[in-house]
Amino acid sequence: MASFGNSLGALSWKCDGEFDLGTYCIQRSFIDGVNLLLLCVFYLILVIESRRKLYLSGSNGRDLVTIVVSICCALISTAYFSACFWNLIAKNDEFNHLSSLIFFVRGLVWVSFTVSLLVQRFKWIKTFNSVWWVLSFLLVSALNIEILLRKRSIKIFDTVPWSVNFLLLFCAFGNITHLISQQNPEKSLSKPLLDKKSDIGQTELGQASFLSRLTFSWINSLLCLGYSKSLALEDIPSLVSEDEANLAYQKFSDTWESLLRKGVSNKPSNLVLQAIAKVYFRENIFVAICAFLRTISVVVSPLILYAFVNHANSHEKDLFEGLCIVGCLILAKLVESLSQRHCFFHSRRSGMRMRSALMVAIYQKQLKLTSLGRKRHSTGEIVNYVAVDAYRMGEFPWWFHSGWSFGLQLFLGIGVLFAVVGIGALPGLISLLICGLLNFPFAKILQKCQSNFMIAQDERLRTTSEILNSMKIIKLQSWEEKFKNLIESLRDSEFKWLAEAHFKKAYGTLLYWTSPTIISSVIFLGCAILRSAPLNASTIFTILATLRCMGEPVRLIPEALSVLIQVKVSLDRLNIFLLDDELQHDEIIRTPSQILDKSIKIQCGNFSWDSEFMAPTLREINLEINPGKKIGICGPVGAGKSSLLYSILGEIPKVSGTVNVYGSIAYVSQTSWIQSGTIRDNILFGQPIDQIRYEKAIKACALDKDINNFDHGDLTEIGQRGLNMSGGQKQRIQLARAVYNDADIYLLDDPFSAVDAHTAAYLFNNCVMAALEKKTVILVTHQVEFLQSVDHILVMEDGKINQSGSYEELLTSGMAFEQLVNAHRDAMTVLNTSHNESQVESSQKVDSVQMEVCQGCCLTKGNSEGEIFFEGVPGIQLTEKEKTEIGDVGWKPFWDYLQVSEGTFFLCLSLITQSIFVALQAAATYWLALGIQIPSITTGMLIGVYTLTSALSAVFVYLRTLFAAHLGLKASKAFFSGFTNAIFKAPMLFFDSTPSGRILTRASSDLSILDFDIPFSMVFLVVSAIELLTMIGIMAAVTWQVVIVASLTTAAVTYFQGYYLASARELVRINGTTKAPIMNYVAETSLGVVNIRAFNMVNSFFQNYIKLIDTDARLFFHSNAAMEWILLRVEALQNLTLFATAFLLVLLPKGFVAPGLVALSLSYALTLTSTQVFLTRWYCNLSNYIISVERIKQFMQIPSEPPDIVEGRRSPSSWPSKGRIELQALNIRYRQTAPLVLKGITCTFPEGSRVGVVGRTGSGKSTLISALFRLVEPESGRILIDGLDICSIGLIDLRTKLSIIPQEPTLFRGSVRTNMDPLGLYSDDEIWKALEKCQLKATISSLPNLLESSVSEEGDNWSTGQRQLFCLGRVLLRRNRVLVLDEATASIDSATDAILQRIIRQEFSECTVITVAHRVPTVIDSDMVMVLSHGKLVEYDEPSKLMETNSSFSNLVAEYWSSCKRDSYPNPYN
């Protein structure tokens, strides 16, 4: 230290009392005086400006250069202050007060330079700083140049401040540039205002300079914005053109097509891999260069350590040699830092482009896929291709380059060992090979665990998705506990593999930390025995440093191979998909505009869904349709009606014949297909709005009243798959879509099945016959009453057109058409229950009633079939925008994680074991550093103590990982249990207003982060923090001055981390909401691809999808860039600590510190940067991961339904014994702020009676049923069943005693048995008896597996009628005294309806049966009829009595009959 003070003291020139301006002493004193004067002026201006607060406009964030220069100034000031205080303390011969004063003044000046760099918010301060820095540089430069010219040399301590003065000059120029831009508003302000989108909208990378690209400074503006406010999606700049999905896909597509043209597809090679390699080979050359430079710089570090320690051991102190070694160290670390950061960034950027290209290719393929292709690749599989396989490509380039570069690093490390140790390294290589090979079985075991975990997770998520889509029926049947147990059992299987993976990681950690100990000990022993190298400080610590740089490759190469194998599997899956059959353009011949005499012409058409079947689906189709004609198609179920429409669309493969279509097509599918979005978006379907045409389409489809009563009108958001719209509303929306499209040809596939009779009649008359009067319409329908109005009727049976002609011609010809008409007539004869006069009177009033309905009926936001969804608060959509936390939520999520998991104990154990591990590791290396200096310690003792200490430390690191695994497993179990319980106990309103995608995202990706990432992230964070403190402590023990530098860099790192996290946290939160829309869009497109192709909207959907991908990619891109931005700066700052340590070790006098301690200090210093980066990365990762805890905790706090069981209020086991239901002043609303939906309903349903509930759209019919099952709680009033208030008992006690056949029959994936009896309460005999009664026994008996016969997802392998019969079978098993039929026959034909009604009358003759229906024949034979209107009870009496008066019920019957009056048979009541 004395030498250090003397060296600095040499900088002070002794003036010896002379005052000569030519001496360096006087000139230097003059510069000090000028700086002291300017220093006073600076602080004066600072005080004045701070009071005036004249801030500079525009962003002026502290960039990397400013921070680095300020740290350099602080270091120089520290050196001057140290010299000053050393002189005062030492009081040696050279001591004098003037020297100490000069040092103090210079220290004060350099501190002020530091302050001036950091305080530049004020205009005048910025101006003054620039003048001061330029003047200081000019004065110092003039003096130093004069010294150089006269003495031909300059001292090192004059050079360092001079170089920092040069950096101050650079900062001054930056300030001047900024001030000039502020003074030039025409260029700096006007243009951005005129072209704001182009300047602000795109990321600055495209216009960034070389230095900006090198240091990632181009992202400064985004980080600055994120630091000043919480970022939103619109704040994130768009990608540059070369990163956009469209360009990426075009490159991939062109290469793919060229490979196909060359006929490569016939070869077994993977075309996707070849195309990816061809497109992205060039840009990955740069990544490979970066990876190579990183590898070289990492391997060079142990050699620099070796040279450094040899320099410290040398007899003569050569400062120049030492500074050269420090220079090499600086260069190596600079190259390592820049190359590693750019390797990471550009590999992920390349991966993002690959990912985007493949995601677009998958989507484009599904738009072209044939029907057979869609069967081979389900919607779920296509979503997985995008979500898993394509996304996996995002990390592929990084793992690829890591794989080969780690291999190279391993071999170069071996070369370094041989260069330093010689043949003594050979035994170590054997142990290295053994340890390396042991990693492979561990990697294989982990891969097996991961694969099995993914399989189990897929099964759980598939079941969860199915349950969420069927949650209403689950709640109605009170099956929550059963399905919750099913989910938990699937999770248990998943959890088993998760636990095994975690515990295997603990063994992997043990191997990872034991390997260096074993290998180093063996190498030390080899050196001692073979005497290939002396066991001195340079040899020992070079070996340890080399093994440390080889440890990462040994651990990660197996993992890289595992990832590359997974990528290969994904590429094979994508290759199969992308090579699947596409629709052929020659299936049909399309002519853009109609010719005079034809719209559609099919000649000798034979079509088959499956070419392997000999019998075609459609046979001998000959059809010619003229423009403007209305064609009706009818026939029994399975006759081929829909297939005929598909043949016109070109969706069904053509076996033979020709199909000509003249003009554009609009298509309305039987199952309504609705997109997530607004009503307006669904109707416009990508077309520009024409207000007049739009309003006409809405009115023609009876949507005007619905829209007027929505709080947001036609901007009302429709939930996923139309969850907040009724079946009738969805059907009318897609009908309006077709009408607005203004096509030439309309294909309508049974569009009236989901609406009531009055609405169906309105739609037929006003839409089909009026709005589409001049259009060609082909209408498939089961409702015979509409066929009299069409121009031509096709009767289909067994895939052939059996009859063709006008209504009258077919009616007189007999055969199939007459049978259909007679079936409909039989259903209508039940209306003959009243006097002819009454019915005639009602019929005469039909027209006036219809007019009144059209003008005054309020079609509310409800179910066409009766259910009113809440009207809501103005300004709030039913499907609300997903809520996210904003800003820094502090430590709350961390405490939530520990409290929910009760994992504080395991975290503390992890901390303790990690501290012991670090202490033992430090002790082992300290022992080596000290032991080699003590002659009495033998080589055997040196190696033995080191080996035992290191081995013991490995045990504690194993325990640390084990405790972390237990912490993670406890948290996973606790959060999953809480989340699942909250979801199953959530009220039905939650599922109506929350898209299932939000729930599934939390159940999949967020839960996976809890499973794998958070526990180890917390431990890694603590681990790296303890290691960093230990390193700094060891370095400070050798050179205490390092503490000053380390303290400053730690403060700077903390600032940078906070600055970065403000933006990164929001980027991750926003990114959590951008992936789900892509998956939803893919799923929606897969379900509606026929509609998209029919409307010729493929390109529009394609462009929208590209926008979604680019939105997700820009979050991914900027998150990666921000991460590299912070890591580069953290590395730069911690490298300063390393350089300071090396610099101080060079300056230390000979023998001042033992060579072993020099080697120890520098070996820790070399790993300091990587440890700090590790700490920063995991701190930032954990801050991002913890957002998943926020999201899951958010759903764990959902308000729950009333309890399942109320102790002390259990219903009697025989309840209800009679089935008497009383409604007393019942008021229902869906939310507190919403209007009443049921208003003061009071009536009684006698025991054993059959009650029909009718009413127009939105009258509240289904809401009444929801109230009976307590899907919604009464606002006031009561519902009594056999005198017991249903709100006083638990939900299970209520719902298990009621039976319901729902409107939409729901089956679950499984078997016939599990669908009939999900709870497993009944014997096989009872199930067979129920199947016999519901007409399914014969069908199921013919199946080979009988009751174990499979039921696919949503029962797709059973017809709608059969699914409805399954639901009937369930209620036959339960035999409850109360049965509810909620529109149970709305979507089935008259024959199935008749079967249902007959069975119900026979089997439930003594039960109370409540029937909600819009088919009048269904309720006409009820004992009592309840008529609802706008939530009020209008009438409640016997149907015969109501028919005798001018009642609302008689008007409904008259309207229904009126809708059928065009039929050929006469009115039976006239």
Side-chain angles (χ1 to χ4, degrees), residues 453 457 488 491 494-495 498-499 501-503 505-506 509 882-915 959-983 998-1026 1057-1058 1061-1062 1064-1069 1071-1073 1174-1198:
F453 174 85
Q457 186 186 55
E488 287 175 345
R491 173 64 176 175
E494 184 184 351
F495 192 81
L498 175 67
H502 277 348
F503 293 141
K505 279 183 182 177
T509 304
E882 187 169 3
K883 294 178 181 176
T884 59
E885 298 287 345
I886 297 174
D888 185 5
V889 293
W891 291 95
K892 185 179 180 300
F894 296 94
W895 292 123
D896 286 342
Y897 180 82
L898 292 174
Q899 286 174 355
V900 171
S901 63
E902 298 178 351
T904 310
F905 175 68
F906 284 113
L907 182 63
C908 292
L909 286 177
S910 294
L911 293 179
I912 293 167
T913 50
Q914 172 61 24
S915 300
L959 291 174
R960 178 206 80 191
T961 311
L962 197 65
F963 293 141
H966 280 292
L967 168 64
L969 293 173
K970 279 197 75 173
S972 293
K973 190 172 283 188
F975 274 96
F976 178 80
S977 177
F979 174 74
T980 306
N981 287 333
I983 292 299
R998 291 185 192 172
I999 303 172
L1000 285 171
T1001 302
R1002 285 163 173 81
S1004 56
S1005 56
D1006 287 322
L1007 193 64
S1008 290
I1009 287 173
L1010 257 79
D1011 287 340
F1012 290 102
D1013 297 323
I1014 290 181
F1016 293 104
S1017 297
M1018 294 181 77
V1019 171
F1020 288 157
L1021 179 65
V1022 174
V1023 164
S1024 48
I1026 294 172
Q1057 285 178 348
L1061 275 175
R1065 193 183 295 111
E1066 300 307 318
L1067 287 171
V1068 171
R1069 283 177 178 150
N1071 203 12
T1073 64
F1174 189 80
L1175 172 64
T1176 301
R1177 184 181 287 279
W1178 283 110
Y1179 174 68
C1180 298
N1181 284 343
L1182 183 59
S1183 299
N1184 295 335
Y1185 292 152
I1186 210 71
I1187 293 169
S1188 292
V1189 174
E1190 291 177 8
R1191 288 162 55 81
I1192 293 178
K1193 192 80 189 302
Q1194 182 186 35
F1195 274 30
M1196 289 171 66
Q1197 297 169 338
I1198 303 165

Check your understanding: Can you name the residues that form a salt bridge (charged side-chain N to carboxylate O under 4.0 Å, His left out) with Asp1013, not counting sequence neighbours?
Key -> none
Point to revise | Under the salt bridge (charged side-chain N to carboxylate O under 4.0 Å, His left out) test, residues paired with Lys1193 that sit two or more places apart | key: Asp896
Acceptor/donor pairs from residues 961-976 side chains to any protein atom, 3.5 angstrom cut, sequence neighbours excluded:
unit_1	atom_1	unit_2	atom_2	d
Thr961	OG1	Thr509	OG1	3.4
Thr961	OG1	Val957	O	3.0
Lys970	NZ	Glu902	O	3.2
Ser972	OG	Gly968	O	3.0
Ser972	OG	Asp1011	OD1	2.7

To the nearest 0.5 angstrom, please state how far the [atom1] atom of [X] sits from the [atom2] atom of [Y].
X       : Y       : atom1 : atom2 : answer
Leu1010 : Arg1002 : CG    : CZ    : 12.5 Å
Gln914  : Leu909  : CD    : CG    : 13.0 Å
Leu1182 : Ile1186 : CG    : CD1   : 5.0 Å
Ile999  : Ile1198 : CD1   : CD1   : 7.0 Å

Exercise for review: Inspect the surroundings of OH in Tyr1179 and state if more than 12 heavy atoms from other residues, nucleotides or ligands are less than 6.0 Å away.
Suggested key: no
Point to revise | Validation row, ring centre Tyr1185 to ring centre Tyr897 under 6.0 Å | key: no
Study note, to complete from the structure: Ser1008 meets the side chain to side chain contact (heavy atoms under 4.5 Å, CB included) criterion, sequence neighbours left out, with Gln457
**Study point:** Short side-chain to backbone donor-acceptor contact, Thr980 and Ser977, under 3.5 Å
**Key:** no
Check your understanding: Sub-3.5 Å donor-acceptor pair from the side chain of Asn1071 to the main-chain atoms of Leu1067, do we have one?
Key -> no
Review point. Phe1016: what forms a ring pair (Phe, Tyr, Trp, His ring centres under 6.0 Å) with it, not counting sequence neighbours?
Key: His502
Practice item. Please step through salt bridge (Lys or Arg N to Asp or Glu O under 4.0 Å) for the pair Glu488 and Arg491, ending with a clear verdict. Key: CA-CA 5 Å; Glu488 287 175 345; Arg491 173 64 176 175; over 6 Å; no
**Study point:** Partner residues of Ser1017 under the side chain to side chain donor-acceptor pair (under 3.5 Å) criterion, sequence neighbours left out
**Key:** none
Review point. Would a 4.5 Å heavy-atom cut-off, applied to side chains only, mark Arg960 and Val1019 as touching?
Key: yes
